[in-house]
Amino acid sequence: MAKVLTKKEEDFSQWYQDLVINADLAEYSPIKGCMIIKPYGYSLWEKIQQTLDKMFKETGHSNAYFPLFIPKSFFEKEAKHVEGFAKECAIVTHYRLKTDEINKKLLIDNDAKLEEELIIRPTSETIIWNTYRNWIKSYRDLPILINQWANVVRWEMRTRLFLRTTEFLWQEGHTAHATREEALEEAIKMLNIYAEFAEKYLAIPVVKGVKTPSERFAGADETFTIEALMQDGKALQAGTSHFLGQNFAKAFDVKFLNKKGELEYVWATSWGVSTRLIGALILTHSDNNGLVLPPAIAPINIVIIPIYKSDDQKTKVLEKCNEIYLELKNLGYSIKFDDRDNYTPGWKFNQYELQGIPIRLAFGPTDLVNNTIEVTRRDTLQKETISLSELLPKIKILLQDIQNNIFNKAKKFKEENTFIVNDFEEFKKKIENGGFFLAHWDGTPETEEILKNETKATIRCIPLETKEEEGFCMISKKKSKKRVLIARAY
RNA sequence: CGGGAUGUAGCGCAGUUGGUUUAGCGCACCUGCUUUGGGAGCAGGGGGUCGCCAGUUCGAGUCUGGCCAUCCCGACCA
C-alpha cells in the first residue's frame, strides 16, 4: 500500500495534518491561518449542526443572526472582555479601494476612512447585548433564548487545521434571564447538552467541570467546560458554557421591571462549540489507516463497492449492487454506491478507510453465485462474508455496535490515562507521557502559575462530579477539599 | 513575537563548483488498449512568468542583497 499517512507513532502532529488533507476534509488557503473546508469536511460540520440545532430547539432556543461587524466602542464597555480579546482582533478601518493611475496597483482610499473602526466579531456578546437593551423592558420579555450559527475571527498567533484557525465556524447561544438562578441553570443545562452530544453522537467521553478564575472566559462570572482526552495524551476543550452574571447587562445598561415594579439588571449566559469538534473527532478515534467516524455523525454510513472482470459480470454485479443500494437507501440509511470504474476496488477500499466510512460492502462475481456479500467494519477492520438475506439485520446491529465500540474504546483510553497524583515530583515525571491528572490544589492563582511554568500543564477544570475529600495541595501543601483535573492542552 | 525549515507543473520532489540543449522525475490529469476480490499495466499526450524585486556575469533555477509568503516547534488562545 502506498504510504499516504505518516504513522501516529512516528509524528502525531504530522499524522493529524496528513489525515485532514488526505481524507479530503480541508486544505490550506492563501490566507494565513485560514482553511478551506472541503465538501466532505463540511458535510461533517453539517451533521454536527443538524444534531445540535435540534437539541437546542428542543430546549426552547431559536436561531437569529447578528452582524459580522461590531463597532469598536462596543468592545470598550466591558473591561475584562476587551482585555481578553483586544490582542486578537481583525479591524476594518476603510470601506473603499482606488487604483493608482501610474502603476495600476490597488490602494486603500484614504478618503474612505471609517469614522469608527469596526471589529470583525471574535464573539458576539457585545452586539447582542446592545440589541437586547431594546428588546427587554419587563420580566415578561424574559427569558430570551437565542442561538446563532456564524463565523468568527480571532487573530491567533499559531493555528492548526480545525483545532485553531483564524476564522472558524461555530454556534453561539446568548440568553437573558430574570434571575441569577435561572441563568445559572441555563448555563449548566447547555453544558449538559454539549456533554450528551459529545458522548452520544461524537462518541467522545468528556469531563464536565468549571474553569478556575484565571481560565475563565473574558467577561464571565463562571465558565463551564467539557474536556476531552486526545490519543496523544493532551486535553482538548470541546465546548464551553458561560454564566455571565450581570456583567454585560451592566455594560450595556439592560434592565427590566420585575413583578414588584423594580428595575433590575438582566442575567446572562453564552455558550458555544466550533469546528474544533471535527478536530476532536479525528484526534479521539482515528488510526493509521485514516479517519474513524462514529455512525451517528458520519455523513455516509455505508459504501457499496462493486467488483467485476468481464462486461457480462459488470452488468450483473452493478444491477445487484444497485438493488441493494436502493433497498438500504429506502430504509433511511445514508449509503453511497461507488460505481466509478476509473478506480479499482483496492483503491476504493483504501480511500473509504481514509474517510472513515463505518461500513463497507463489497459485492463481486463470487457473491453473485453464492448470494453473499462482504461486510467490513471500519473500527476494527474485520471482514465477514454473509448471506444476502442476513444483510439488513447485520447492518442494524453493526452500526450500533460500531458506535458503542468506538465510545467504549475512547472511554477506556481516558480511564486508563487518568491518574491520581499527590506528589509534585511524581506528577512532573508522569505528565511527560500525557494524560489526565487528578490532584489537590489550594485554589490560588499563584499555584496555578507555578504549575504552568514548571510543567506546561494547566488546570483544565474543577470536575463537577467529584466528591469532596480532605487533602493537601500537590504544590503548596496547603489544605484542599477537592481534586482538580490537570493536563497539557491543545 | 522567538527558534527551525521551505518556496521549481495541481501535489511531492531532483536539479552538482553558474554553461547538455526546449528545466527534469514520480503521483495526479487527458486519449487509447488491456485490467478490476487491498492504492493496476503499457503506449501516447497536455500542463512552468523556477515566490517577488534588484544586483554580479558573455550567461542565473543555481551566486549576492532585499522583500514576500507558507509550514513546523514554542509563548498566547476555543
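A, B, ... follow the sequence lines: proteins, then strands. Residue 1 opens every chain. The structure presented is a predicted model; accordingly, all values stated were derived computationally and were not measured.
Here B:C72 presents its C1' atom at 15 Å from OH of A:Y16, a figure rounded to the nearest Å. We find that CH2 of A:W155 is positioned 18 Å from P of B:A78, with the value rounded to whole Å. Atom pair A:K348:NZ and B:A40:C1' shows a separation of 13 Å (rounding to whole Å applied). Atom CD in A:E454 sits about 18 Å away from atom C1' in B:G74, given to the nearest Å. The distance between atom CD of A:E27 and atom C1' of B:G12, rounded to the nearest whole Å, is 15 Å.
A cation-pi arrangement is present between A:K234 and A:Y490 under the rule of less than 6.0 angstrom and at most 45 degrees off the ring axis. Cation-pi contact between A:R460 and A:F436: absent, since separation from the ring centre below 6.0 Å together with deviation from the ring axis within 45° is not met.
Of the possible donor and acceptor atoms, one in the side chain of A:Y40 sits under 3.5 Å from a partner among the backbone N and O of A:Q355.
Rounding to the nearest 0.5 angstrom, the gap separating the CZ atom in A:R488 from the NZ atom in A:K456 is 6.0 Å.
Partners of A:R216 under the salt bridge (Lys or Arg N to Asp or Glu O under 4.0 Å) rule, at least two apart in sequence or in another chain, are A:E222.
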Review item, nucleotides 32-37 of chain B N/O atoms under 3.5 Å of protein N/O:
{"unit_1": "B:U36", "atom_1": "O2'", "unit_2": "A:Y308", "atom_2": "O", "d": "3.2"}
{"unit_1": "B:G37", "atom_1": "O6", "unit_2": "A:G364", "atom_2": "N", "d": "3.4"}
{"unit_1": "B:G37", "atom_1": "O6", "unit_2": "A:G364", "atom_2": "O", "d": "3.3"}
{"unit_1": "B:G37", "atom_1": "O6", "unit_2": "A:P365", "atom_2": "N", "d": "3.3"}
{"unit_1": "B:G37", "atom_1": "O6", "unit_2": "A:T366", "atom_2": "N", "d": "2.9"}
{"unit_1": "B:G37", "atom_1": "O6", "unit_2": "A:T366", "atom_2": "OG1", "d": "3.1"}
{"unit_1": "B:G37", "atom_1": "O6", "unit_2": "A:D367", "atom_2": "N", "d": "3.4"}
{"unit_1": "B:G37", "atom_1": "O6", "unit_2": "A:D367", "atom_2": "OD2", "d": "3.2"}
{"unit_1": "B:G37", "atom_1": "N1", "unit_2": "A:D367", "atom_2": "OD2", "d": "2.7"}

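Put simply, the side chain of A:N301 does not reach to within 4.5 Å of the side chain of A:I335, judged on heavy atoms.
Closest to the A:F168 side chain, of the nucleotides B:A78, B:G38, B:G74, is B:A78. Closest to the side chain of A:K452, out of B:G74, B:C76, B:G38, is B:C76.
Between B:U16 and B:G10, the two P atoms lie 22 Å apart (nearest whole Å). Comparing B:C76 with B:C52, their C1' atoms sit 32 Å apart, to the nearest whole Å.
Contacts between residues 214-238 of chain A and RNA chain B, defined by a heavy-atom separation below 4.0 Å, involve A:Q237, listed by number.
A:R340 comes within contact range of no nucleotide atom at all, as no heavy-atom separation falls under 4.0 Å.
For the pair A:Q17 and B:C72, the criterion of a side-chain N or O lying under 4.0 Å from OP1 or OP2 is met.
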Report task. Check the pair A:T126 / A:H81 against side chain to side chain contact (heavy atoms under 4.5 Å, CB included), numbers first and verdict last. Result -> CA-CA 9 Å; A:T126 55; A:H81 195 63; 3.7 Å; yes
Requested in this report: Please step through side chain to side chain contact (heavy atoms under 4.5 Å, CB included) for the pair A:M35 and A:V20, ending with a clear verdict.
Outcome: CA-CA 11 Å; A:M35 63 175 170; A:V20 171; 6.0 Å; no
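Taking the six-membered ring for Trp and the full ring otherwise, the centers of A:F56 and A:W271 sit less than 6.0 Å from each other.
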